[in-house]
Amino acid sequence: MKKILIPLLAFGGALALQPALAETGEELYKTKGCTVCHAIDSKLVGPAFKEVAAKYADQAGIADTLAAKIKNGGSGNWGQIPMPPNAVTEEEAKILAEWVMTHK
């Protein structure tokens, strides 16, 4: 029994140390509160993601810029209502920004 139990415990421990699988942009959009202010096709409080993707379509490196705005907030690009900072990691912000830009 010990010969079987030790490898199983080691394998289980290795699985526990694996990082959680990264969520998709759509999953993050739904779970991080983005839906309160943004929709894909229509303006709510903030711009529609299709508008964002169209506005920045030709800008190199825009995903990094948008990721910073998602994480840290911003104002003045889409009117007077500021976008507050969001409780996302840098990786999550980048995934979200890249996903937003797919809505061209």
Side-chain angles (χ1 to χ4, degrees):
M1 180 70 173
K2 281 187 180 180
K3 290 181 182 182
I4 294 173
L5 186 57
I6 291 173
L8 286 176
L9 290 174
F11 179 70
L15 285 178
L17 293 175
Q18 293 293 317
L21 294 176
E23 293 181 85
T24 66
E26 184 174 10
E27 290 169 335
L28 290 168
Y29 165 68
K30 291 176 181 177
T31 61
K32 295 295 183 173
C34 306
T35 58
V36 173
C37 296
H38 296 279
I40 294 170
D41 294 322
S42 59
K43 179 180 178 6
L44 295 178
V45 175
F49 290 150
K50 284 190 173 187
E51 291 178 274
V52 175
K55 180 176 181 174
Y56 298 118
D58 297 328
Q59 293 188 25
I62 192 62
D64 291 330
T65 302
L66 291 177
K69 289 180 186 251
I70 290 168
K71 182 160 179 48
N72 303 318
S75 63
N77 295 325
W78 293 94
Q80 294 181 345
I81 299 173
M83 181 167 152
N86 290 278
V88 295
T89 66
E90 288 184 26
E91 179 184 357
E92 290 170 334
K94 181 76 182 250
I95 291 168
L96 277 163
E98 290 171 350
W99 179 74
V100 167
M101 291 306 295
T102 66
H103 293 93
K104 298 176 185 174

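Bear in mind that the values here come from a model prediction, so they are computed numbers and not experimental data. We use all heavy atoms of the structure for the numbers below, so side chains are in, but hydrogens, waters and symmetry mates are not.
Minimum heavy-atom separation, A93 to A67: CB-O, 3.4 Å. Nearest heavy atom pair, residue A97 against residue A63, reads CB-O, 3.3 Å. Residue V100 comes nearest to A53 through the heavy atom pair O-CB, 3.6 Å, listed as atom of the first residue, atom of the second, then distance. Residues K43 and V45 share a closest heavy-atom pair of NZ-O, 3.1 Å. Here the closest non-hydrogen pair linking L96 and V88 is CD1-CG1, 4.4 Å. Summarising the geometry of V52 relative to P47, their closest heavy-atom pair is CG2-CG, 3.7 Å, with the distance given to 0.1 Å.
The distance from the SG atom of C34 to the CD1 atom of I40 is 10.5 Å, given to the nearest 0.5 Å. Expressed to the nearest 0.5 Å, how far OG1 of T35 lies from OH of Y29 amounts to 6.0 Å. How far CG of N72 is from CD of E90: 8.0 Å, rounded to the nearest 0.5 Å. Atoms NZ and OG1, from K94 and T89 in turn, are 12.0 Å apart once rounded to the nearest 0.5 Å. The line from CG of L28 to CG of N86 is 11.0 Å long, rounded to the nearest 0.5 Å. Distance check, rounded to the nearest 0.5 Å: CE of M101 to NE2 of H103 gives 11.0 Å.
Within the structure, salt bridge (Lys or Arg N to Asp or Glu O under 4.0 Å) contacts touching residues 46-57 (residues at least two apart or in different chains) are D41-K50.
With contacts defined as side-chain heavy-atom distances shorter than 4.5 Å, the pair I70/M83 qualifies.
Here the rule is salt bridge (charged side-chain N to carboxylate O under 4.0 Å, His left out) with K32, and of E92, E27, E23 only E92 fits it.
Salt-bridge check for E26 with K30: passed, with a basic side-chain N closer than 4.0 Å to an acidic carboxylate O.
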